[in-house]
Amino acid sequence: GVGDRVVVGLAGGENVVLAMVAGEVADVSEAMGGLMKVAERTVECFECDGKIVQVTGSAVYCDGKAVWTCGAGVEVLHAANSPGSRSLLLATTSANTRSASVVDCHNGQVFTVFTLPQEPSSCAILDDRQNGGPVVCSATLWDGSVMVWNDGIECIEALDEDQMPRSVRIKKQDKDVSILVGTGQGLAISWRLAGTRLEDRQQVPIGYQPVILRDLGGKIVGMGSSTAIMKGSIWSMVNTGVNVRVFDAALWQEYIVVVVEGGIKFWELGDKSGVQIERVNIDSIPRRLALGGGDAVIGRSIFSSTLLVATSKGETESIILRSADGHIHLDEIELPGQIVCSVCATKTDAMGYYVGTAVSGESREPTAGCIKRFDVSDSRLLVGQTIATNGPVYSLASTSSGYLIAGVGSSVVMYKEVEAGGLELVTQIGGFSVVLDVSVVSADGAVRIAVADLMRSVTLLDFDTDKQTVSTIARELSPRWLSAALLVDEDRVVFADSDFHLGELQRNSSSADEDIIRLGNIGERYCGHFINRFRSGRLSALASTSVVIFGSISGAIGLIASITEREYALLSRLQNSLENIIGCVGGFDVKVFRSPNKAAPGASLSSDAGSMIDGDICEMLLELNTVDRKEALSCFDSGEAAFVVAAVQKLALLHY
């Protein structure tokens, strides 16, 4: 922050700039000319000599101007600045190398480059040249070691086998320099730097969550599920009652500000306890913040988007409009005599929602329903058009071109949004048993639709928006009791069935005409959960791309991500290696447990039908002790091992 401005880094590279206006916090991002809004994730934000410095995955921006950029194929993973100087330490990675570079944040000049033997998990820098002191840099690595450079001279310290470093800070007191590390197992560890050696190790447990370390007003604060402050060389526990995952922390006047899941919390920090004085909920998961001077007054919650929730109260169902973070109740409308089956937001400029319902009655299976339009204005729900349907509306999907696709009973119905905010029937196609789910991909004036049928698996449709016609282009011919499906791109569909299987179908667009109608099963695994919904999105603000997220009726959430051919080849070998180390799961061999327990009648799986990597198993590499980790990687050469570790870390960031 600079003066009374506060910068909060959000997912996807977009940032919120807040300022004090008439005693309240206001969003001034647009007034600052779109400062620091880039199309990639923000790694860190700093204040340096009155300027805001933003580090993204590929560049360093100083007050909105790019002063340093990565080379092709290089990505910035972590960044740190030295208080009172213009020096940044940037930890970068590429397919072949990993390095740490000292860069001037005002002009992008590179002073020093260090080679890293492994992927870094955090970094820190202390530039004390203005006082005649050294430049000390440090990076923690995913192999469980800590690297330190004291005026360019390197030393390495290995942690215990069961400890994984997650955060590092460098502290100077008088003439002594200390290296402090927070681990993923809830420990804060410190050493005194003596030339090229780390001496006088101390450690203290700080709860059970991964520990982040921050320099707050000259004091090192460690925050996990508990909080500790380093006073001199002694850690002192402080009760702040956080008890949740902490992403970042900063000091603002006499307040400690903590970024947690869903918002920002303010504490008035005393010697032994902290009192929460305010919480600000925002519309995205905050990852980083920096605070400066100004009045510490938070007057209202800040949100820019909404969330529609369907609820049931006794025999009456309602839809509730809330702020996107879910904390603020904005409006509520009851829907008597109806069951909400599906909800989707409009993708056009007009902000609103469509709700698909079934009319409740005496019959076991509903025979009627409706589609309701609700517009959002001034944080209120306005009831729009209602269209009666000849069956329950189990699924809805909207397109950016203004079409609404509805799964109604045994048919798929296409509607066109009109200027008055209503819907106009375009066409429909029948012949299904029960349409459970529809998902769409739009391209080149056509809408590709995947239809998940309760008993007839998946069918791909092409909707020509110019001719207003629908044609069937592919289907899986094997009978399958589906529970959910999602169209990933024009030719690929992920599916889940009632036998707890998770798989993928693909259309071979280059095949002969007689084969085009067939969707081939290219991968299938036993999941162990009854999946009832797929959605595209992100589980983590650190994820650089969207993935397929699934939810099950047992409450499990998981994801499916695409990987490169090289990643697949090496991770397959890693999976086989880890399966031998892990052994059994619940008395079952891992390979047996994940194999499809039966194929659908008549199904013909291709030779690589098992070509799905088990991410849960691969990520166990990060949890193994040093001995088992070396054994798991023994089947790779040094270059392959580094690539595999980086690939597993990349997978972990998808849900970190």
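Only heavy atoms go into these numbers, but all of them, side chains included; no hydrogens, no water, no symmetry mates.
Ion pairing between Arg480 and Glu524 holds under the 4.0 Å rule for side-chain N and carboxylate O.
The salt bridge (Lys or Arg N to Asp or Glu O under 4.0 Å) check on Arg535 picks up nothing, with sequence neighbours excluded. Applying the side chain to side chain donor-acceptor pair (under 3.5 Å) criterion to Ser342, with sequence neighbours excluded, gives no partner residue. For the ring pair (Phe, Tyr, Trp, His ring centres under 6.0 Å) test, residues two or more places apart in sequence or in another chain that qualify with Tyr403 are Phe463. Scanning for salt bridge (Lys or Arg N to Asp or Glu O under 4.0 Å) contacts around Glu567 gives Lys650, with sequence neighbours left out. When the salt bridge (Lys or Arg N to Asp or Glu O under 4.0 Å) test is applied to Arg448, the partners found at least two apart in sequence or on another chain are Asp462, Asp491. The salt bridge (Lys or Arg N to Asp or Glu O under 4.0 Å) check on Glu640 picks up Arg573, with sequence neighbours excluded.
To the nearest 0.5 Å, atom CG of residue Leu116 and atom OG of residue Ser99 are 6.5 Å apart. Here the straight-line distance linking atom CD1 of Ile613 with atom CG of Leu651 works out to 9.5 Å at 0.5 Å rounding. Atoms CZ and CZ, on Phe550 and Phe534 in that order, are 7.0 Å from each other to the nearest 0.5 Å.
Residues Thr399 and Ser401 have side chains that bring a donor and an acceptor to within less than 3.5 angstrom of each other. Residues Ser483 and Asn532 have side chains that never bring a donor and an acceptor to within less than 3.5 angstrom of each other. Under 3.5 Å, the side chains of Ser167 and Ser122 contain no donor-acceptor pair of N or O atoms. No side-chain N or O of Thr346 forms a donor-acceptor pair with one of Ser398 less than 3.5 Å apart.
In this pair, Phe500 and Tyr526 present their aromatic rings tilted. The plane angle is within the 30 to 60° band.
Looking at Ser577, its side chain does come within 3.5 Å of a backbone N or O of Ala632 through a donor-acceptor pair.
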